[in-house]
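Working notes, structure below.
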Amino acid sequence: MDHYAVFGNPIGHSRSPFIHLQFAKQTQQTLEYQALEAPLDGFATTTAEFFSGAGKGANVTVPFKEQAFEICDKVSERAQKAGAVNTLIKADNGDIHGDNTDGIGLVKDLLNNKVKLAGSNILLLGAGGAARGVILPLLDQNPAQLVISNRTIEKAQHLVDNFNHKDFSATSLSELQKHNFDVIINATSAGLSGHVPNLPSECLTSDTVCYDMVYLNGITPFNQWAKNQGVKTTIDGLGMLVEQAGESFSLWRGVEPDTSAVLTALREML
Ligand code: ATR
């Protein structure tokens, strides 16, 4: 039987085994999918062991996505741009290929929620790994502009310099009051400590869609802040989690699972 896994540390609360086993059931695939904790200093050896056995593919989560990028024999363009890999695929010749499905997962979830991206003014908050991973897939949707902002503006400017795309620019948080966005995506980790990026309320209207890449049992701090500003549509990152998994599953198994059914089941479990 083909084996798949998600590697992280910690990994105990990962939803990935549930998601992938549901996909397998839906598509009548026989496979095993486990959550495996790699030691913080032992990611490369743990994954090498996995792939020398029955391992056919793996997901990678915090804090190993950058290390996963390093161990690949070949990576996709989107993984290259992200500098990080969340999907490992064992090729027939034994090589390990790396891809990054986080960004397309975000885009698919936004589109599933009927959020218009083409021609829109989009603000991306944060300039860490989570933000970097979604820039190229967002630009591929042809927004009017993608603006990135971050508490430490130099990091955002650095990403803009690296991408070198005409519709991609950086603005400091305080300068954002001069702008007005159709979509605001929070890719900071501020919410994990109960904080919200220091965003001027002038940059949104009640029609702005606010998307938080994290999810919780209940509304996230960023989405609560947005609602307090009168925003009508807020979305959390649970759909992105399911969509990135769906993309990984398709890469491994060559079939597209029904992500909406799994998202509904997962939402009920939160
Ligand atoms: P990840 O892989 O989740 O992106 P990361 O690389 O550590 O994690 O990046 C965390 C991001 O959240 C950064 O953009 C960080 O801003 P700084 O670059 O200024 O550190 C942002 N962040 C974390 N806590 C924040 C807070 N309380 N307010 C605003 N931004 C915050």
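All residue numbers in this chain count up from 1 along the given sequence. Computed over heavy atoms, backbone and side chain alike; hydrogens, waters and symmetry mates excluded. Note that this is a predicted model, so its numbers are computed, not measured. Note that ligands are numbered from 1 as they come in the structure, with each ligand's atoms numbered from 1 the same way.
Not a single N or O atom of T188, backbone or side chain, sits closer than 3.5 Å to an N or O atom of ligand 1. For A130, a nitrogen or oxygen atom sits less than 3.5 Å from a nitrogen or oxygen atom of ligand 1, counting backbone and side chain alike.
Taking atom 5 (P) of ligand 1 as the reference point, the nearest protein heavy-atom neighbour is G128 CA, 4.0 Å. Of the protein's non-hydrogen atoms, the one nearest atom 10 (C) of ligand 1 is S189 OG, 3.3 Å. Ranking the protein heavy atoms by distance from atom 31 (C) of ligand 1 puts R151 CZ, 3.8 Å first.
Taking a cutoff of 4.0 Å between a charged side-chain nitrogen and a carboxylate oxygen, K232 and D207 qualify as a salt bridge. Between R132 and E66, at least one side-chain N (NZ, or NE/NH1/NH2) sits under 4.0 Å from a carboxylate O, which counts as a salt bridge. In summary, K90 and D2 do not engage in a salt bridge, as defined by a charged side-chain N under 4.0 Å from a carboxylate O. Electrostatic pairing of R78 and D102 does not count as a salt bridge here, judged by no charged N lying under 4.0 Å from a carboxylate O.
The distance between the ring centers of F168 and F163 falls below 6.0 angstrom.
Seen from the ring of Y4, K56 does not count as a face-on cation partner, given the 6.0 Å and 45° thresholds.
Under 3.5 Å, the side chains of T234 and D236 contain no donor-acceptor pair of N or O atoms.
Aromatic ring orientation, W252 versus Y33: tilted (interplanar angle from 30° to 60°).
Taking a distance limit of 4.0 Å, we find that atom 20 (O) of ligand 1 is approached by some protein heavy atom.
If you number the atoms of ligand 1 from 1 as listed, the ones under 4.0 Å from a heavy atom of T152 come out as 17 (P), 18 (O), 19 (O). Atoms of ligand 1 lying under 4.0 Å from at least one heavy atom of H195, given by number and element, are 27 (N). The distance from ligand 1 to the heavy atoms of G126 drops below 4.0 Å at these ligand atoms: 14 (O). Ligand-side atoms of ligand 1 in range of G129: 1 (P), 2 (O), 4 (O), 6 (O), range being under 4.0 angstrom from any heavy atom. Residue contact check: K155 has heavy atoms under 4.0 Å from atoms 17 (P), 18 (O), 20 (O) of ligand 1.
For atom 13 (C) of ligand 1, the candidate residues are I148, N150, L124; the nearest heavy-atom contact is made by N150.
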